[in-house]
Amino acid sequence: LPFFGSVLRRAECVRSCEEPRLGAVSRHRAAEEVRADFQRRVPYSYLQRAYIQLNKLEEAANAAHTFFMANPEHMEIQQDLENYKTTSGKVSLVDQEARQHMEDYSAGVRHYDREEYELAIAFLERALKGYYSEDEDCQIMCEGPQRFEEHEYLDYKAGLYEAIADHYMQVLACKHDCVRELATRSGRISPIENFLPLHYDYLQFAYYRVGDYVKALECAKSYLLFHPDDEDVLENAGYYEGLLEGAVDPATIKPRKEARALLRRHKLESHLLQVAAAGLGYAYTEPNYWNRYGARQDEHSVPSSISSEPEEGPRLSLTKKPLPKPDRELKEGGPLLYSDVKFVYNSQQLNGTQRVLLDNVISEEQCRELHRVASGIMLAGDGYRGKTSPHTPNERFEGATVLKALKYGYEGRVPLKSARLFYDISEKARRIVESYFLLNSTLYFSYTHLVCRTALSGQQERRNDLSHPIHADNCLLDPEANECWKEPPAYTFRDYSALLYMNADFEGGEFIFTEMDAKTVTASIKPKCGRMISFSSGGENPHGVKAVTKGQRCAVALWFTLDPLYRELERIQADEVIAMLDQEHLGPSEMNINPKDEL
């Protein structure tokens, strides 16, 4: 009774505080859809448009930038930002929802890299203070309403203790995940690895460089709370103790109390969650929140120039995150399989990695036939939810898939032989890519798309946008951070890409590779009939398409995967249709197939 009495008093306190301080419930308890929109910063997209109407370009640019930081895959906003920079000369943009502890951490690391250790200390200490304040807020916010995800809410009939446990486990899981939440940038799914411990790692070395050995030891011991077996920091701590010998008793210097308290709480949360998982049937796996592979990348800062202590000076914690090991050895230069295919350039000649340019992959006659097929089957906005201009308002985008081509062939709307050509040349491209890059496993289709971009008349004067903005095919390109985040909504399963061009009678439309900054062009390719560019789909190959300013540019776009789980479903269906066609060369009527049936 005393326990539940305190619960009831707490509930009464919370309820009586909410309305006077926050207003009616409708003011501060939003629907889940509204909360999701705010999390994705959707209001800033509306704000940008409103500011444009008021001709407030600076405010519009900042609103667009704020939205883009949480939606880095949004190509239209990315292009808007480029336009703001061009038209108003505005380069410095403000993220109006920036998390201050993240901003301070990034500033501290920048000063650290420049060996401005006093400034680095100031920013990193402020980042830590902000982190623990944000952690307290995060913990409190988790005590809001929860959904019983494992049960139909209306039919919920659990007993008293089961109901309390169900609700509290969700609250506890939310609180436990604050560590990940506070280490994750807006618009990202993956957190900065080892985020909180890294603050102490940077600080222990920075304090050493400014001669504050007490603080250096304190921060080293704080870091060791998270990674007690880190040999480099253990040696550093021993070295700092030696420097303090005779002046201060090193045993009196303890790890910081806020770090001790957070870690103690985190371990207890983990214990309770695992007990619940075992005893109450919850599905729970403890993530590795303090991954030691997230570490400083700064060997150059090792004080090897200190002649009096070249071997004994403190070392950095140099456990680096290893480069992701590819599941295949990267090779190229394999046979092209077809005698008429002409090699043009390899990766080195295209100034990059895993790139190849080929000519004569298809003939002039095949290009013309494909173009005829395209004109009969393509739909505006196909593949982009009906958006006729998904990448730029100055061009019309049309597309079609292999399965759609075969369907139209059966229905007699295009020649079946021409529809079959689309299927055959895409398979030819797949075999060439698989062979040239010397892949030791099967390359599967992930998506096949016949696409045309048409310049819209009256909209080409003074264009400064791209037909397709710079991007990577299996990760979210973040030019400002010089990173490519391999996480949804990117198509992370794509491994190789290819573009097979059908014509050259248009202006503009060059395919370009760039550096990670999305600005520095490393190679430019002018499309023509039979030319194919192929490359690995990751952040090593950012690419885009220059504006098509006159005419129509058509190509077969192909994406491939090495994972059979992500095979293109329409391709599998098309394979079955082709197999039926090949069976003794039977026509649709002989196979008991109604030409008007959906495939």
Where do [X] and [Y] come nearest, in terms of heavy atoms and distance?
{"X": "Asn474", "Y": "Gly539", "value": "OD1-N, 4.3 Å"}
{"X": "Ala183", "Y": "Phe195", "value": "CB-CB, 3.5 Å"}
{"X": "Gln354", "Y": "Ser347", "value": "N-OG, 2.9 Å"}

Tell me whether [X] forms a cation-pi arrangement with [Y], defined as NZ or CZ under 6.0 Å from the six-membered ring centre and within 45 degrees of its axis.
{"X": "Arg41", "Y": "Phe67", "answer": "no"}
{"X": "Arg355", "Y": "Tyr345", "answer": "no"}
{"X": "Lys528", "Y": "Tyr501", "answer": "no"}
{"X": "Arg49", "Y": "Tyr46", "answer": "no"}
{"X": "Lys526", "Y": "Phe506", "answer": "yes"}

Evaluate whether atom [atom1] of [X] has more than 12 neighbouring non-hydrogen atoms of other residues, nucleotides or ligands under 6.0 angstrom away.
{"X": "Glu365", "atom1": "CD", "answer": "yes"}
{"X": "Lys550", "atom1": "NZ", "answer": "no"}
{"X": "Tyr566", "atom1": "OH", "answer": "no"}
{"X": "Arg372", "atom1": "CZ", "answer": "yes"}
{"X": "Gln39", "atom1": "CD", "answer": "no"}
{"X": "Phe38", "atom1": "CZ", "answer": "no"}

Steps toward salt bridge (charged side-chain N to carboxylate O under 4.0 Å, His left out) verdict (Lys407, Glu411)
CA-CA 6 Å; Lys407 176 179 179 246; Glu411 293 174 350; 3.6 Å; yes
Please lay out, stage by stage, how Tyr423 and Asp575 fare under the test side-chain hydrogen bond (donor to acceptor under 3.5 Å, both in side chains).
CA-CA 9 Å; Tyr423 175 93; Asp575 290 342; 2.6 Å; yes
Are Glu103 and Arg99 within salt-bridge range, i.e. N to O under 4.0 Å?
no
Look at the aromatic rings of His449 and Tyr447 and report parallel, tilted or perpendicular, splitting at 30° and 60°.
tilted
As a test of understanding, state which of Phe511, Trp559, Phe560 forms a ring-ring contact (aromatic ring centres under 6.0 Å, His included) with Phe535.
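The option that passes is Phe511.
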Between the side chain of Asn346 and the main-chain N/O of Gln349, is any donor-acceptor distance below 3.5 Å?
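Side chain of Asn346 to backbone of Gln349: a pair is present.
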